[in-house]
Each structure stands twice: as structure tokens, then as C-alpha cells.
Protein chains: 2
Amino acid sequence: VRVGDLPTPALVVDAGALAANLDTMAHALPGARLRPHVKAHKCSELAREQIARGHPGLTVATPREALGLAAADLGTDLLVANQVLDPVRLRALTECGARVTVAVDSDATVAAAVAVGIREVLIDVSVGMPRCGCEPADAARIADRARAAGVAVRGIMGYEGHVVGVPDRAERAAGVAAATEILLAAHAAVGGDVISAGGTTTYDLHTVATEIQAGSYALMDTAYGAFGLPFTVAVGIVATVLHVGARHAVADCGLKALGMDHGDPTIDDADVWFCSDEHVTFASRHPLTVGDRVVVRPAHVDPTIAMHEHLHVAEAVHPDADVLASWPVDLRGWDPPDTRR
Amino acid sequence: VRVGDLPTPALVVDAGALAANLDTMAHALPGARLRPHVKAHKCSELAREQIARGHPGLTVATPREALGLAAADLGTDLLVANQVLDPVRLRALTECGARVTVAVDSDATVAAAVAVGIREVLIDVSVGMPRCGCEPADAARIADRARAAGVAVRGIMGYEGHVVGVPDRAERAAGVAAATEILLAAHAAVGGDVISAGGTTTYDLHTVATEIQAGSYALMDTAYGAFGLPFTVAVGIVATVLHVGARHAVADCGLKALGMDHGDPTIDDADVWFCSDEHVTFASRHPLTVGDRVVVRPAHVDPTIAMHEHLHVAEAVHPDADVLASWPVDLRGWDPPDTRR
């Protein structure tokens, strides 16, 4: 099968670019120094490639991702880097056969974990982003509470989400340094072996984190592609040209195939005008014919992948390239199929 | 089951508000004068409610939506208001047992329909939006081409997508009037019984269209909610508060649960700060506790619904309300399950 034979919109990854991204990161952060974040691709087969490069543990954002990885026998050391209160999902984590560590940041999240028998947690500490994570001064108290309930505290995590989008590398480094001060103090108060932090744009700026939670580096997107990182955009959506007008063309890749929070996608050699539910309208700088394939590059990889059922691995993201494998995007949604209404 | 017992994020619709929206539209555009657009909800059970109100035909954006409606025995008169070139999907439309009419706007789309035995088409005419639709002057030629190949031409369609987002009603009316001139000329050239056009914000501004393709009116969203239409926002995403900080709170409804092309969602009595993959960060004007439920209102309904597996119909979009039914969002994706890799 060629890429151009796939039904469209088709999510396609360049096998060579993916391998290069994975290899580059594995060289920079070998073994357990990287804990790849699976939320970026939601694909067990891609996670298997990451583990094959020597990283034993994985990061996930949802119980569903952890359960799917466990089912795929990739559950050596899974970190749910997110707060979970749902007792059904938490209990499933204790029964899935994987080693699962859950982030906690409050009495309520500790209590929820304790109630179902979660055995290991990290204390999630806010390092400046207004999202989850306890106040640093509260970390020791929460850790004590977990330990008093018989739960092992493996250490801390703190994601500098307010820093990762800063384009200037020196500014990012300064942001990481500020976050590191907080991580160090919290770790001194909490103890444990793990200091988990970081992302694709800060993977090489951390000095005390024991593991980096990067995920986007595998597939990349146009937003991170502009950061001058040693990772290239490996993913594109192959779309069919449905209409060619005097000044514009239309292809079948729209809002239901694209994460739009970072803005419009790009098309090589073209100006994208706008997206509709099932369409992208664009002006091409070379002539197109109805039926041609074009490659649409998403601005934000994570929510884009979550809209697709398959990730087709090909020799290139090009209509003439051969498809080498079609991996299910099997970790979508919030519960495994048919386990819950 | 109460709404507050649903795993989150949970897509919930207010049964009374939905019924009122459907009834209001059925009163304004009875019977075949409305051809409800299913792309807005992708849910056969909701389509069944629309048909039960007297509208025999439905509009769809994808072959997958048509095939699902046919499988649900809702295929009396389905219009694929979109260009389709894929021969596998087009052929499936001819074999699904439903009456299916396909939009065509070029020699290539006519040829694709003819090749697999599609029996009925509409000529899709551009009325000013740069998307699909032939130039009006080309409509007669394309219709002749279809008829010469033995395909019935039922008439024309022309969607004023450049007008539906204009907030001022008088300006929208002027835009519809301009589009109507084009529709009239194209219809005179093409013939047939059908002039299909319109959407939720222009449903009562058309004078010559024989049928209106409105879809958003059923569930609505915050963008169309600001238009002063006689339809209310019936849908919300119930999310669990995972974290409460000094100035902000976080709930589990993020970029993977929300169409973001119209911007951030809203939360009653709160200011939304930003969304991340699995989170919305917001400042509430009343005190919250970890574990509370909040209702997140999406800015754009169509891509939001496409991210969820179930639409829970409840007495209200409120944690204490009873869930009356849970409808599968069964028309997601681009191919029926397991029919294609």
C-alpha cells in the first residue's frame, strides 16, 4: 500500500524521521533519564519503540493510557502524571498488572489513591504554572499523609508548563533554573529517588531532575518545529484535494482532524486560509488537480493525534511512499472500550 | 444514575432544552423544509429525534455519517453535502440501502459518482464562501454532464458559510439575499426540485431555498448562543475539579475534549484562563472543593461532540440531575469500525 492509497484524512508518520527523533533523545537522555510522555501520541506501538530504545518507564496523562499500555505489556513503570479522583479508574490501575505510580497534590487525591490501594505516588509540586501541583510548602505534609497511610512516596514531580512555550532558549533556561530551585526544596522536604519534570523544549536544560517527561519530541508539530530543537516534524495528515478554484483549493482535513488550539495547520508551498469541520481552504503556489494529495502539518500534535484511529508509518509522508505499518491510536478516550458507558 | 456519577469529562445534554430547540425549529421549518445537518452531533439517536419531528431527510458531511444513519434505519433521504472522491466510500453509499444524494461540483466529482453508480446528485454552487462549490456559470454544464451519464440531478445546493458567522442580523440577511441571487440563477440553469442552503443563524432568512441544512440549532454552543436565536445552549461537558489553588482551580476537561477553533470554553460564574491537553484552568467566583463537578460550555459544538463517545441525555446539565439515556456518538471518524484500516 502506498500513502496515496490510504483513505483520507490519513495520519502518516515518516519512519526515518521518527526513528531519528527517538534516537536523538535516547542519546541525550539514555535509559531512565527519559520517561517518554505517551499523551503526545496515544499509541502503544510507538511507546514500544520508545521502550526498545532503553527507556523503561513511561509517563501518561490518563488512566486509560496506563491501562492500554499495561494491556500491551508495556507496564514496567508507568507514571500517571495527573490527579485522578475517579475510584473506578484508580482501582483499575491497581488491577492492571503494571507498576503504576500516581501523582497526588492534595489530601483529596491522597485519600482517593489510598481508598483503592494505590501503592506508589509522586508528590506533584507547582513550579509556577497555574495548573495542578501543591504549593511547595505543602509537599512534605502531603507526603507524610501518604506515607502514614502506607503508600510509598517515590519522590516529586513538577512540570514547568509556563516555561516550555517560551521561544528563547536562554529565557527557557532561566525559567527551568527558577523551577529547579522549587524542585530542590520540595525534594529535600519529601525525599525519594525521583525528581520528574520537563518537556520537549526543556529536555536538555534540567540539572537536578532525575527524569524528563518529554513526549512531543517523537512526532513534533509546527509549533515546536520552530524552536530549533534537534527533532524534526515527523507527522503529517495526508488529505485529498476535493476542489480547485481560481484562487483557492480545498482538501479533506478539517477541524475534526486537527488540534486547533495552536492555530491553523500549514501546507507546504501554500497559504492556509481557514479550516472548517471537514475542510482546509488554502492557496497553493503550484497547480493542483482534484484528487491530488497534499500534506497538512498540525500546529499541535497531542490533540491532533487523539482525533485519529490509526498512525500509518511510511517511508515518507508523501503519496508515493510505501506504508510500512499501520498502528492503532489505541489509547484514545478516557476509558477502555466497553468498560463503561 | 445521576449526572454527577458519570465518569468525566462527560458530554451531557439537557433533555428539555434539546426538545425545545428541536420543536422550535420544527415549527419554523416543518417537514422537508428542514434537512437537519447531522455533522453537528454525529449521533443517530439524536437524528432519530429530528426525524420524529417530521423532517424526512438529513444532511451529512461524510460518507461515514450516511452509512451510520442507514444502519440505524434513518436513510429515507440522505444528502452528502460534500464532495467525495474515494471510490470505496462512494460505493458503500450505493450499497447501504438508503436513498443517498451526493453533492458534486466538478467533472472529477461527477466522474467519481458515476463510476460507482451513485444515482442522484445535487450541483454544489459557490455562493461566495471560498470552499467547495462550482462557479455559478459552470453549474449547468456540470448538471448536463451528470444527466448525460444517467445520474438524476435533484437540484442545487449552496452554503453561505461566509455569512453565517456575521453577528448582525440585518447584515446576515443582506448576505443571504446576495447568495439567493446566485442560487436562483443557478437553479434556473440546472433545474430540479431542490434548492438546499442555510444554517442555524440564517434558517429564517432564506426566501427561495426549499430546504435548510441547519445542524447546530439542536445542541448550540457559546458562539451561536450569542446570536439572539430562539435556541438555547443545551450541551455542556461535566468535569471534575482536580485541584483548587489560592486563585485558580483545575478541572478535567481539556483540549482533547473541546473543539478549540472558536476559542476557550466558558464556565458559569468563573473566568477560564486556559486549556491544556486534559485540563481547564479557571478562576471561580464561588468556593470550590476538589471533587466538585463544574459544567464547561464549548465554544464550537461540532468538533467538540466528535471527541466524545457518548452523549448523556439528562434532566439538566447539573450534577444532581438524573441521566435519562446515554446515546452513542456513533457517527465519528471517517469509516465505519473495522471496515478499513
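Below, chains carry the letters A, B, ... as their sequence lines are ordered, and counting in each starts from 1.
- Counting heavy-atom pairs under 4.5 Å between each of B:H248, B:M260, B:Q83 and chain A puts B:H248 at the top.
- Remark: A:M307 CE to B:R332 CZ distance equals 10.0 Å, nearest 0.5 Å.
- Two residues are said to be in side-chain contact when any heavy atoms from C-beta on lie closer than 4.5 Å; B:R89 and A:P7 meet this criterion.
- Looking at A:T62, only its side chain comes within 4.5 Å of chain B, counting heavy atoms on both sides.
- A:L85 and B:V241 get closest at one heavy-atom pair: CD1-O, 3.4 Å.
- The most heavy-atom pairs under 4.5 Å with chain A, out of B:G133, B:A306, B:G161, B:P328, come from B:G133.
- Note on A:P130, A:A108, A:S126: by heavy-atom pairs under 4.5 Å with chain B, the leading option is A:P130.
- Between chain A and the residues B:V84, B:T240, B:D105, the most heavy-atom pairs under 4.5 angstrom are made by B:D105.
- The closest donor-acceptor contact from the side chain of A:K256 to the backbone of B:W334 lies at 3.5 Å or more, if one exists at all.
- Residues B:M129 and A:F274 share a closest heavy-atom pair of CE-CE1, 3.8 Å.
- Of the atoms belonging to A:V104, not a single heavy atom falls under 4.5 Å from chain B.
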Could you please spell out the steps behind the side-chain contact (heavy atoms from CB on, under 4.5 Å) verdict for A:T8 and B:D86? CA-CA 8 Å; A:T8 55; B:D86 186 314; 5.8 Å; no
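- Ranked by heavy-atom pairs under 4.5 Å with chain B, the list A:R247, A:H308, A:H243, A:E135 is led by A:H243.
- For B:N82, the part lying under 4.5 angstrom from a heavy atom of chain A is the side chain only.
- Annotation: residues 276-283 of chain B contacts chain A through B:S276, B:D277, B:E278, B:H279, B:T281 [non-hydrogen atoms, separation under 4.5 Å].
- Interface check for chain B: of the options A:C132, A:A10, A:A257, the most heavy-atom pairs under 4.5 Å are formed by A:C132.
- Under the salt bridge (charged side-chain N to carboxylate O under 4.0 Å, His left out) criterion, B:D322 pairs with no residue, sequence neighbours left out.
- Among the candidates B:D261, B:T304, B:V290, the residue making the largest number of heavy-atom pairs closer than 4.5 Å to chain A is B:D261.
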